[in-house]
Visitor: 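Have a look at this one before I ask anything.
In what follows, every heavy atom counts, from backbone to side chain, and hydrogens, waters and symmetry copies are set aside.
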Amino acid sequence: QVQLVESGGGLVQAGGSLRLSCAASGRTFSMYAMGWFRQAPGKEREFVARISRSGISTYFADSVKGRFTISRDNAKNTVYLQMNSLKPEDTAVYYCAATTRGSPNPFDYDYWGQGTQVTVSS
């Protein structure tokens with residue numbers, strides 16, 4: 001069992017930056033690949049970024065490539081999402097999730113956090 005708690009969301013102007021954190025409980029954090037997803041009102045949950053168990057491999061949605069980075073600290077059981085050059089269309093609730101499979105499909109993720117709101121004003 002893994003419990004995930006996101007933090008770091010908030011209100012930011014377009015062009016600004018935010019850093020989201022996701023703290024995981026348990027001693028098996030390094031066994032899971034981690035992902036970030038987001039869901040805007042009236043839209044489906046969409047993949048944002050994911051990172052392998054070791055942190056060596058990262059993957060991004062085209063919409064955030066070059067602006068967002070994902071990293072993890074297995075010693076701290078934490079995964080991060082650094083978001084730069086934010087746009088109003090990045091406004092959404094952001095979720096972190098854990099999976100034993102390397103996949104951008106949210107249905108492949110076993111554990112989810114409660115989400116953190118990110119609002120980008122124009």
Visitor: Under the rule for side-chain hydrogen bond (donor to acceptor under 3.5 Å, both in side chains), what residues qualify as partners of R53, not counting sequence neighbours?
Guide: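 Listed in chain order: nothing, the list is empty.
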Visitor: Report the distance from atom OG of S57 to atom CD1 of I70, rounding to the nearest 0.5 Å.
Guide: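 If we round to the nearest 0.5 Å, S57:OG and I70:CD1 are 11.5 Å apart.
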Visitor: How far apart are the closest heavy atoms of S17 and N84, and which atoms are they?
Guide: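 Heavy-atom minimum between the residues: OG-OD1, 2.9 Å.
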Visitor: Is the shortest side-chain N to carboxylate O distance from K87 to D90 below 4.0 Å?
Guide: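 Result for this pair is no, no salt bridge flagged.
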Visitor: Looking at CZ of F68 and CE of M83, how far apart are the two atoms once the value is rounded to the nearest 0.5 Å?
Guide: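 Spacing of CZ (F68) from CE (M83) equals 5.5 Å.
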Visitor: Backbone N or O of S25 within a donor-acceptor pair of the Q3 side chain at under 3.5 Å?
Guide: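 Not confirmed, Q3 side chain does not pair with S25 backbone.
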Visitor: Go through the steps for V118 and L20 under the test side-chain contact (heavy atoms from CB on, under 4.5 Å), then give the verdict.
Guide: CA-CA 9 Å; V118 171; L20 305 183; 4.0 Å; yes
Visitor: What is the distance from atom OG1 of T69 to atom CZ of R67, rounded to the nearest 0.5 Å?
Guide: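 It comes to 11.5 Å.
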Visitor: State the SG-CH2 distance between C22 and W36, to the nearest 0.5 angstrom.
Guide: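 Rounded to the nearest 0.5 Å, the SG-CH2 separation comes out at 5.0 Å.
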Visitor: Looking only at side-chain N and O atoms, does R38 offer a donor or acceptor that is under 3.5 Å from a partner on Y94?
Guide: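 A donor-acceptor contact under 3.5 Å links the two side chains.
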Visitor: Answer yes or no: are there more than 12 heavy-atom neighbours, outside K43 itself, under 6.0 Å from its atom NZ?
Guide: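 No, NZ of K43 has 12 or fewer neighbouring heavy atoms, counting only those of other groups under 6.0 Å.
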Visitor: Which heavy atom of V93 sits nearest a heavy atom of Q117, and at what distance?
Guide: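 The pair with the smallest heavy-atom distance is CG2-OE1, 3.2 Å.
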Visitor: Would V2 and V79 show up in the same hydrophobic cluster when neighbours are defined by side-chain heavy atoms closer than 4.5 Å?
Guide: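 Yes.
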Visitor: Could you check if a side-chain atom of F60 sits within less than 4.5 angstrom of a side-chain atom of R50, using non-hydrogen atoms only?
Guide: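 Side-chain contact under 4.5 Å: no.
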Visitor: Ignoring hydrogens, what is the shortest heavy-atom contact between N74 and S30? Give both atom names and the distance.
Guide: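 Shortest heavy-atom contact: ND2-CB, 3.7 Å.
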Visitor: Looking at CH2 of W112 and SG of C96, how far apart are the two atoms once the value is rounded to the nearest 0.5 Å?
Guide: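 With rounding to 0.5 Å, CH2 (W112) is 9.0 Å from SG (C96).
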Visitor: Could you report the tightest heavy-atom contact between T91 and V120, atom names first, then the distance?
Guide: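 Answer, listing the atom of T91 first, then V120: OG1-N, 2.9 Å.
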Visitor: Would you say E6's side chain and Q114's backbone share a donor-acceptor pair under 3.5 angstrom?
Guide: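 Yes, the answer is positive, given that a donor and an acceptor are paired below the 3.5 Å cut-off.
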Visitor: Any idea which heavy atoms bring P88 and A14 closest together, and the distance?
Guide: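 Minimum heavy-atom contact is CD-CB, 4.1 Å.
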Visitor: Any idea how F47 and F37 line up, ring-wise: parallel (<30°), tilted (30 to 60°), or perpendicular (>60°)?
Guide: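 Perpendicular.
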Visitor: When clusters are formed by joining ILVMFWY residues with side-chain heavy atoms under 4.5 Å apart, either directly or through shared neighbours, do L11 and L86 land in the same one?
Guide: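 Looking at the clustering, L86 is in a separate group from L11.
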Visitor: Can you confirm whether D73 sits close enough to Y80 that some side-chain heavy atom of one is under 4.5 Å from a side-chain heavy atom of the other?
Guide: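 They are in side-chain contact.
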Visitor: Cluster question for you: counting only ILVMFWY and a side-chain heavy-atom cut-off of under 4.5 Å, with indirect links fine, are V5 and L81 together?
Guide: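 As far as the 4.5 Å side-chain criterion goes, L81 and V5 are not connected within one cluster.
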Visitor: Roughly how far apart are L4 CG and Y95 OH, rounded to 0.5 Å?
Guide: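 Reported to 0.5 Å precision, the distance equals 13.0 Å.
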Visitor: Please determine whether residues V48 and I51 belong to a single hydrophobic cluster, defined as Ile, Leu, Val, Met, Phe, Trp and Tyr linked transitively by side-chain heavy-atom distances below 4.5 Å.
Guide: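 Yes: a chain of side-chain contacts under 4.5 Å links V48 to I51.
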Visitor: Is there side-chain contact between T119 and V12, with heavy atoms separated by less than 4.5 Å?
Guide: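 T119 does not reach V12 side chain to side chain.
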Visitor: Please report the shortest heavy-atom distance between G8 and L18, naming the atom on each side.
Guide: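 Closest heavy-atom pair between G8 and L18: O-CD2, 3.8 Å.
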Visitor: Can you pull out every salt bridge (charged side-chain N to carboxylate O under 4.0 Å, His left out) where at least one residue sits in residues 105-120? Sequence neighbours excluded, please.
Guide: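 Salt bridge (charged side-chain N to carboxylate O under 4.0 Å, His left out) check on residues 105-120 returns R101-D108, R101-D110.
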Visitor: Spell out, as yes or no, whether a donor-acceptor pair under 3.5 Å connects the side chain of Y59 to the backbone of G102.
Guide: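 Side chain of Y59 to backbone of G102, a donor-acceptor pair under 3.5 Å: no, none is there.
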Visitor: Flag this pair as yes if the NZ/CZ of R72 is under 6.0 angstrom from the six-membered ring centre of F29 and inside a 45 degree cone about the axis; otherwise no.
Guide: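 Geometry flag: set, cation within 6.0 Å and 45°.
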